[in-house]
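Right, one structure below, let's go through it.
These numbers were taken from a predicted model, which means no experiment stands behind them. Only this structure's heavy atoms are used, side chains among them; waters, hydrogens and symmetry mates stay out.
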Number of protein chains: 2
Amino acid sequence: MDKRKAAILRAVVDDYVQFAEPVGSSHLARVGGIQVSPATIRNEMNLLEHEGYLTQPHTSAGRIPTDKGYRYYVDTFVGDTDDSDITQFKSVDEFFTNAHGALAAMFSDTSRLLTNLTNYAAVVTGPSPETILIRSIQLVSLDPKKVLLLIVDSKGAVEKKILELASEIDESDLDLVSNILTKKLRGHPIGSECVPESTGNLPVDLLCATALESLKEFQGETESVYIEGASKVANAFDAVDTVRRVLATLEQHFLVVSLIRDVLSKGQKVAIGAELGIEPLAECSVVVSPYIVEGEQLGSIGLVGPTRMNYPKVLAAVNLVSTGLGKRLSEG
Amino acid sequence: MDKRKAAILRAVVDDYVQFAEPVGSSHLARVGGIQVSPATIRNEMNLLEHEGYLTQPHTSAGRIPTDKGYRYYVDTFVGDTDDSDITQFKSVDEFFTNAHGALAAMFSDTSRLLTNLTNYAAVVTGPSPETILIRSIQLVSLDPKKVLLLIVDSKGAVEKKILELASEIDESDLDLVSNILTKKLRGHPIGSECVPESTGNLPVDLLCATALESLKEFQGETESVYIEGASKVANAFDAVDTVRRVLATLEQHFLVVSLIRDVLSKGQKVAIGAELGIEPLAECSVVVSPYIVEGEQLGSIGLVGPTRMNYPKVLAAVNLVSTGLGKRLSEG
DNA sequence: GTTAGCACTCGATAGAATGGAGTGCCAAGA
DNA sequence: TCTTGGCACTCCATTCTATCGAGTGCTAAC
C-alpha cells in the first residue's frame, strides 16, 4: 500500500461517510485533495478494489469502502485526532462534575416502563420548579477546593452538585453558609431568585454567591421531560421520512411539553392528528394524564403514537402508570 | 349516528389500527362482525364518509378513519376497557413498589450524553454483579406490614426495595435481622447465593427468607445495560427495513452486551461490519471502551452506528466519556 | 508512470400497459 | 322503506420497456 493509494482510500472513506454516495474518480480529483487526473485515480481505485479495500455497488457506480477498507482507515488514520475534535466536547467535563437528581431516575424509569407497555413513545414531565420547595441546604467538604452542595426538597428527594472553588475554604465556614442558605431559602421553590447578602466575611460571601449561582442551574434541570422509546415510531410508520419527521419533532422537548400542557389544559386525555396543531405530528395521536401527588397535580405523563394506535390499551396503560407514579411519589 | 353506523365505524377503526390497510366493505362483512351484506355496508360507509368520519385514500380503495372518526371512536367506545387489558399490565404494580438503583441514573445519563455527542446509539454496561460487594444491609419499618430493604454497597451506593410482609413484624426483630444479614453477606457480591439459617424464631426466619429472596432479584438489575439514542439509527440508514432490523437487534440487550464484551476481549476498540459477527448489524460498526474505577475495569461503554460513521470523532467521544465516567465513579 | 479518449455497462428514472380491489348506483326483492 | 346482488367504472399497484448518464476499463499517446 503506497502513500497515494492510502490517500485515495482515505479520501473515499471521508467522502462516503459524509455523503453516503458512492465516490467516483472525477469527483475525487475535484474535491478529494488528490493532485492527479481521474484516470490515474481510476487505476489506483481498481487496484484498491482488487486488494479488497473498495467495492462497487454495481459496475457503473463509484466505489464505497469495504469492511476491510474501514478497518485500514481506522488502524492507519485514526489517532491523528486533532484537538479541535476534542474541544467541541467540553460539555463532557461539566456533565461529570455534576451529580444528577434522584427524581430524574424515577421519571426516566417510568417513561421506559410506559414505552415498554405500549410500544409507543412515552413522555414523563417532571414537576415544574415552583412546586418543589427547598427544605434544607447542606455543604459538605470533599477536598479543600471542592464542596458538595446538597439540596433536600419538600418531597425528601436530594439533589446534589459539586462546586469547584477558586480558593480554599474553612470547614467551619461551610456550616455557617449552610445555615445562612437554609434560613434564606427554606420554603422557597428550587428555582427562585435570591440576592446574596453581605456578612462582612469575604470567603463566606464568596461561597454564598457561588452556591446561589449554582442553585439557579437546578431550575433548568427540574423543569424536566423524559422521553423514552422514540425509536418505536420506526415501527409505526412505513415512510422513512415520516419516521424522521416525527423523531425530529420529539427531540424538541419544549414542543412536546407544551403540547401535553395544551391537551391537559383543555381537559382532554386524547388529542388526535390535526388536533395536536403540530404539522409534523399530523399523523400522530397523544394520550396524556396528569399524576397527582398529595392532592396536587405535580406533572404529567403522555404517550405519542400514530393516529392508528390501540386507544383502549394505551389509555389503560397511561392511567395505570400515572396513578402508580402518583402513589409512589406520595409515599416519599 | 345510528347504532349500525357506529358499529361499522368501530370495526373500521379496529381493523385499520391492527392492519394499517384501508378497510373494504366485503372484508368488513366477512370478519368485522357486521351481519349485513357488503352492499349495505357500502351505503353506510358512504354516509360515514360524507359526515366526515371516514375517508378514502383514493377512489377505488377501502376506507380509513379521519381524525374525526378516531375522535368519535375514543369518545364513544373507549372506557369499555375490559379487565383483560388491565391484568396484562401487572408488572406496573411491581415496578412502582421497587425503588431503583442510584448507579442506574448515572449510567443512563452517561449513555444519553454519549448519544447526544455523537448522534449514534450509545451503550453503557454496568458493573457485573460480582464486582460490587455488599457493605451492610438495613431494614426499616414503613408500616407494620411493609419494610424497606436497604443495601449499601462497597461503592457507597444504596439500593433499595420495599418488602411486603405476610404478617406484622416487631421493630426489634428488624434490627436483629439487619444484623444477621449484614454479618452473613458483608463482603459478598450482591447477587450471591445464600441459604437462610434457622434461629429458632419463626417471624425472624420468615423475614430473613423474604429478604434473601428479594436480594436475589438485584442480580438481574445490576447486570445492567443502558442503551440510549437508538432512534438515531433512523437517520443513519435510508432503507426503513434496515432501520427496523438494527433497532430490533439493539433491543436484545444480551446480544449487545456480549457483542461489546467480545470486542473488548479481543483487545480492540473498533469492530466493523461483518467483524461484529451479527448478521442484522452487518452494516454497523461498534466503538467500545472500558471504564476504569480504582484501577479495576468495572464496565464498558460503546457506540453503535453505521459502518460509514465518523470514526475519529466517535473514538474521541468514547474515550472522553469513558475516562470521565471512570473518574466520576472513583470519586464515589 | 500519467493522461486523454472512447466504447461499454447498468442502475435510476420516466412512461405505457395490465390486473384487480373496491366503489357507486340501479333495480329487484323482502 | 330497507336490503341486496349485479355491473360498469375508477384508479392504484405492479410490471415492463425505453432512455439517460455517471462512471468504469482499456488503449494509445505523451
Side-chain angles (χ1 to χ4, degrees), chain A residues 1-9 11-16 18-66 69 238-241, chain B residues 1-9 11-16 18-66 69 237-242:
Chain A
M1 170 82 67
D2 63 57
K3 223 165 173 189
R4 193 172 62 187
K5 252 159 57 187
I8 289 176
L9 176 55
V12 170
V13 172
D14 282 337
D15 199 273
Y16 186 65
Q18 194 177 354
F19 301 112
E21 295 283 319
V23 184
S25 56
S26 43
H27 174 72
L28 218 52
R30 253 180 294 117
V31 302
I34 318 280
Q35 301 304 339
V36 289
S37 77
T40 308
I41 295 181
R42 274 206 291 283
N43 291 332
E44 302 280 44
M45 279 176 146
N46 201 335
L47 290 175
L48 283 168
E49 179 167 359
H50 282 104
E51 291 162 18
Y53 295 103
L54 295 179
T55 186
Q56 293 179 282
H58 55 88
T59 322
S60 67
R63 259 74 174 205
I64 64 176
T66 60
D238 274 336
V240 74
D241 56 326
Chain B
M1 171 83 67
D2 63 56
K3 220 163 174 188
R4 193 173 63 189
K5 252 158 58 186
I8 289 175
L9 175 56
V12 170
V13 172
D14 282 337
D15 199 272
Y16 185 65
Q18 194 176 355
F19 300 113
E21 295 282 319
V23 184
S25 56
S26 43
H27 173 73
L28 220 52
R30 253 180 292 119
V31 304
I34 318 277
Q35 301 304 338
V36 289
S37 76
T40 308
I41 295 181
R42 273 205 292 285
N43 292 332
E44 301 280 45
M45 279 177 148
N46 201 333
L47 290 176
L48 283 167
E49 179 167 359
H50 281 103
E51 291 162 18
Y53 295 103
L54 296 177
T55 186
Q56 291 179 283
H58 54 87
T59 322
S60 67
R63 258 73 172 206
I64 64 176
T66 59
F237 299 104
D238 274 338
V240 74
D241 56 326
T242 307

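- The two residues Glu21(B) and Tyr16(B) have their closest heavy-atom pair at O-CD1, 3.2 Å.
- For the helix from dG1(C)-dC30(D) to dA30(C)-dT1(D), the terminal axes (five pairs an end, C1' atoms, rotation from four pairs onto the next four) enclose an angle of 30°, given to 10 degrees.
- One atom, CD1 of Ile34(A), and another, P of dG1(C), lie 19 Å apart when rounded to the nearest Å.
- The minimum heavy-atom distance between Pro22(B) and Pro57(B), with the atom names listed, is CG-CG, 3.9 Å.
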Please list every donor-acceptor pair under 3.5 Å in which a side-chain atom of residues 30-37 of chain A meets a protein atom from a residue at least two apart or in another chain.
from     : atom 1 : to       : atom 2 : distance (Å)
Ser37(A) : OG     : Ala39(A) : N      : 3.4
Ser37(A) : OG     : Thr40(A) : N      : 3.4
Ser37(A) : OG     : Thr40(A) : OG1    : 3.2

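- For Glu21(B) and dC12(D), the CD to P distance is 15 Å, given to the nearest whole Å.
- Separating the CD atom of Glu44(B) from the P atom of dC2(D) is a distance of 10 Å, rounded to the nearest angstrom.
- Rounded to an integer number of Å, the gap from CD of Gln35(A) to C1' of dG1(C) is 17 Å.
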With a 3.5 Å cut-off and sequence neighbours excluded, list the donor-acceptor pairs that the side chains of residues 41-49 of chain B form with protein atoms.
from     : atom 1 : to       : atom 2 : distance (Å)
Arg42(B) : NH1    : Ser25(B) : OG     : 3.3
Glu44(B) : OE2    : Arg4(B)  : NE     : 2.7
Glu44(B) : OE2    : Arg4(B)  : NH2    : 2.7
Asn46(B) : OD1    : His50(B) : ND1    : 2.9
Glu49(B) : OE1    : Arg63(B) : NE     : 3.0
Glu49(B) : OE1    : Arg63(B) : NH2    : 2.8

Restricting both atoms to N or O, compile the protein contacts to nucleotides 28-30 of chain D shorter than 3.5 Å, with distance only.
none

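- Remark: Asp238(A) CG is loosely packed, at most 12 non-hydrogen atoms of other residues, nucleotides or ligands lying under 6.0 Å away.
- With contacts defined as side-chain heavy-atom distances shorter than 4.5 Å, the pair Leu9(A)/Leu54(A) qualifies.
- Here the side chains of Ile64(A) and Thr55(A) are in contact, with some heavy-atom distance below 4.5 Å.
- Counting only distance, with no hydrogens or angles, the side chain of Thr66(A) and the backbone of Gly52(A) share a donor-acceptor pair below 3.5 Å.
- In the displayed structure, Asp2(A) atom CG is contacted under 6.0 Å by more than 12 heavy atoms of other residues, nucleotides or ligands.
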With the sugar-phosphate defined as primed atoms, P, OP1 and OP2, and the base as all remaining atoms, what B/S/- string results for nucleotides 12-30 of chain C, 5' to 3', for protein heavy atoms under 4.0 Å? ---------BSBBB-----

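- Applying the salt bridge (Lys or Arg N to Asp or Glu O under 4.0 Å) test to pairs two or more places apart or on separate chains, those with a residue in residues 51-60 of chain B are Lys5(B)-Glu51(B).
- A sub-4.0 Å separation between OP1 or OP2 of dT3(D) and a side-chain N or O of Ser37(B) is absent.
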